[in-house]
Visitor: 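Quick one: this structure, given as structure tokens, is what I'll be asking you about.
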Amino acid sequence: MVTLLNRQLADTLDLYAQTKQAHWNVVGAHFHQLHELFDELAETLLGQVDLLAERATALGGAAQGTVRMAAATSRLPEFPAGFQDGLTCVQLLAERYAALAASTRAAIEAATRAGDAGTADLFTEVSRALDKALWFLEAHLPK
């Protein structure tokens with residue numbers, strides 16, 4: 001479970017940093033609204049990072065939570081450098097949130113199969129928050 005938690009920790013920490021990257025570098029007509037949204041999404045991710053790391057240590061493992069550790073093991077694609085148009089930022093983040101949501105659902109299944117209800121419950125809590133964030137992001141995209 002510690003390995004699984006650390007894998008999700010790396011991806012979540014990476015998504016936090018990518019969401020802040022979007023927050024700092026978004027430009028365009030919807031700058032203010034997206035700037036605020038991205039900051040709120042990042043804050044939620046930061047709380048999830050803490051939950052994942054603390055669960056790993058509660059199970060007797062060490063949390064692997066430095067930025068360098070996360071960068072070395074994250075499965076998410078890199079966010080582009082520089083300024084990005086608002087809808088481009090939203091699309092890029094939505095893709096990454098969807099990827100993390102999918103791996104989190106897989107982590108729920110893995111923890112359940114292993115008989116670790118506590119870790120499965122934590123992943124379920126994270127999954128709900130990711131789904132909500134993805135809904136907020138996708139609401140900005142054309143259908």
Side-chain angles (χ1 to χ4, degrees), residues 1-27 30-141 143:
M1 282 300 99
V2 172
T3 299
L4 181 61
L5 284 157
N6 274 315
R7 188 176 320 128
Q8 292 304 116
L9 174 61
D11 290 349
T12 306
L13 188 56
D14 185 18
L15 186 56
Y16 164 78
Q18 291 193 38
T19 303
K20 290 302 284 190
Q21 178 73 10
H23 165 79
W24 295 319
N25 292 294
V26 65
V27 295
H30 303 287
F31 163 80
H32 188 277
Q33 177 188 13
L34 294 175
H35 181 77
E36 294 295 319
L37 173 62
F38 297 160
D39 206 29
E40 291 172 21
L41 295 177
E43 186 71 26
T44 300
L45 288 169
L46 197 54
Q48 294 167 354
V49 162
D50 202 44
L51 291 173
L52 293 163
E54 288 178 353
R55 180 68 180 170
T57 59
L59 293 177
Q64 303 297 314
T66 70
V67 173
R68 290 178 188 175
M69 290 173 184
T73 59
S74 176
R75 297 167 288 181
L76 300 178
E78 181 62 85
F79 197 88
F83 296 110
Q84 301 293 325
D85 175 74
L87 289 181
T88 301
C89 280
V90 170
Q91 181 63 46
L92 291 167
L93 287 177
E95 292 167 1
R96 286 149 181 79
Y97 271 82
L100 184 56
S103 71
T104 300
R105 285 188 290 280
I108 294 167
E109 293 175 18
T112 300
R113 280 193 309 273
D116 187 342
T119 300
D121 184 58
L122 184 150
F123 286 138
T124 300
E125 178 182 344
V126 170
S127 177
R128 278 193 304 271
L130 290 169
D131 288 345
K132 182 178 179 182
L134 188 55
W135 173 50
F136 283 2
L137 290 166
E138 288 177 339
H140 289 86
L141 298 173
K143 300 288 179 195

Visitor: Report yes if some heavy atom in the side chain of R96 is under 4.5 Å from a heavy atom in the side chain of L100; otherwise report no.
Guide: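 Of all side-chain heavy-atom pairs linking L100 with R96, none is under 4.5 Å.
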Visitor: Got a second to check how far W24's CH2 is from C89's SG, nearest 0.5 Å?
Guide: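 Reported value, rounded in 0.5 Å steps: 12.5 Å.
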Visitor: Filter on ring-ring contact (aromatic ring centres under 6.0 Å, His included), then keep only pairs touching residues 59-105, sequence neighbours left out; what's left?
Guide: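 Checked against ring-ring contact (aromatic ring centres under 6.0 Å, His included) - neighbours excluded - no pair reaches residues 59-105.
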Visitor: Side-chain contact test, heavy atoms from C-beta onward, threshold under 4.5 Å: evaluate it for T112 versus I108 and give yes or no.
Guide: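 When only atoms from C-beta onward are counted, I108 and T112 do touch, with a gap below 4.5 Å.
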Visitor: For the side chain of S127 and the backbone of F123, is there at least one donor-acceptor N/O pair under 3.5 Å apart?
Guide: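 Such a contact is absent between S127 side chain and F123 backbone.
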Visitor: Could you tell me whether a side-chain N or O of D14 sits under 3.5 Å from a main-chain N or O of S74, the two making a donor and an acceptor?
Guide: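 Looks like no, no N/O pair under 3.5 Å.
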Visitor: Could you pull out the closest heavy-atom pair between F38 and T19, with the gap in Å?
Guide: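 Smallest interatomic distance, heavy atoms only, reads O-CG2, 3.2 Å.
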Visitor: Quick check for you: to the nearest 0.5 Å, what is the distance between L45 atom CG and L15 atom CG?
Guide: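 If we round to the nearest 0.5 Å, L45:CG and L15:CG are 5.0 Å apart.
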Visitor: Determine the minimum heavy-atom distance between A101 and D131, stating which atoms define it.
Guide: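 Heavy atoms of A101 and D131 come nearest at CB-OD1, 3.9 Å.
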Visitor: Locate the shortest heavy-atom distance separating N25 from G82; write the atom from each residue and the value.
Guide: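 Smallest interatomic distance, heavy atoms only, reads CB-O, 3.4 Å.
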Visitor: Start with the C-alpha gap between V126 and Q8, add the side-chain angles, then the distance that decides, and say whether side chain to side chain contact (heavy atoms under 4.5 Å, CB included) holds.
Guide: CA-CA 10 Å; V126 170; Q8 292 304 116; over 6 Å; no
Visitor: Decide side chain to side chain contact (heavy atoms under 4.5 Å, CB included) for L52 and L13; before the verdict, give the C-alpha distance in whole Å, the side-chain angles of both, and the deciding distance to 0.1 Å.
Guide: CA-CA 10 Å; L52 293 163; L13 188 56; over 6 Å; no
Visitor: For a quick test of reading the model, state the closest non-hydrogen atom pair linking A111 to A120 and the distance between them.
Guide: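 Closest pair (atom of A111, atom of A120, distance): CB-N, 3.6 Å.
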Visitor: Side-chain contact test, heavy atoms from C-beta onward, threshold under 4.5 Å: evaluate it for D39 versus K20 and give yes or no.
Guide: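 Yes, at least one pair of side-chain atoms sits under 4.5 Å.
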Visitor: Are L130 and W135 close enough that some pair of their side-chain heavy atoms sits under 4.5 Å apart?
Guide: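 No, every pair of side-chain atoms sits at 4.5 Å or beyond.
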Visitor: Between the side chain of T88 and the main-chain N/O of Q84, is any donor-acceptor distance below 3.5 Å?
Guide: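 Answer holds: no.
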Visitor: Has the side chain of D11 got a donor or acceptor atom that lies under 3.5 Å from a matching backbone atom of R75?
Guide: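 Yes.
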Visitor: Tell me yes or no: between the side chains of Q64 and T73, is some donor less than 3.5 Å from an acceptor?
Guide: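 The answer is no; no qualifying pair exists.
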Visitor: For the residue pair Q91 and L141, establish whether any side-chain heavy-atom pair is separated by less than 4.5 Å.
Guide: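 With C-beta onward as the side chain, the pair touches.
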Visitor: Look at the side chain of T12 and the backbone N and O of L9, then say whether any donor-acceptor pair between them is shorter than 3.5 Å.
Guide: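 No; judged by distance alone, with no hydrogens or angles, the pair does not exist.
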Visitor: So does P77 get a backbone contact from the side chain of Q18, meaning a donor-acceptor N/O pair under 3.5 Å?
Guide: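 Yes, the answer is positive, given that a donor and an acceptor are paired below the 3.5 Å cut-off.
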Visitor: Shortest non-hydrogen contact from M1 to A110?
Guide: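 Smallest heavy-atom distance, with atoms named: CE-O, 4.1 Å.
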Visitor: As an exercise, state the distance from OG1 of T119 to CG of L51, rounded to the nearest 0.5 Å.
Guide: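 Rounded to the nearest 0.5 Å, the OG1-CG separation comes out at 11.5 Å.
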Visitor: To check you understand the geometry: which heavy-atom pair defines the closest contact between L41 and A133, and what is its length?
Guide: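 Minimum heavy-atom contact is CD2-CB, 3.5 Å.
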Visitor: Where the side chain of R7 meets the backbone of V2, is there a donor-acceptor pair that is under 3.5 Å apart?
Guide: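 Such a contact is absent between R7 side chain and V2 backbone.
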Visitor: Are the side chains of L76 and E95 in touch, meaning some heavy atoms are under 4.5 Å apart?
Guide: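 No. Closest side-chain heavy atoms not under 4.5 Å.
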Visitor: Do R55 and D116 make a side-chain contact, defined as non-hydrogen atoms from C-beta onward lying under 4.5 Å apart?
Guide: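 In short, these two side chains touch, coming nearer than 4.5 Å.
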Visitor: Does a side chain donor of either H140 or Q33 reach within less than 3.5 Å of an acceptor in the other side chain?
Guide: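 Present: a donor and an acceptor within the cut-off.
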Visitor: Tell me every residue that passes ring pair (Phe, Tyr, Trp, His ring centres under 6.0 Å) with H23, counting only those two or more places apart in sequence or in another chain.
Guide: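 Expected list: H35.
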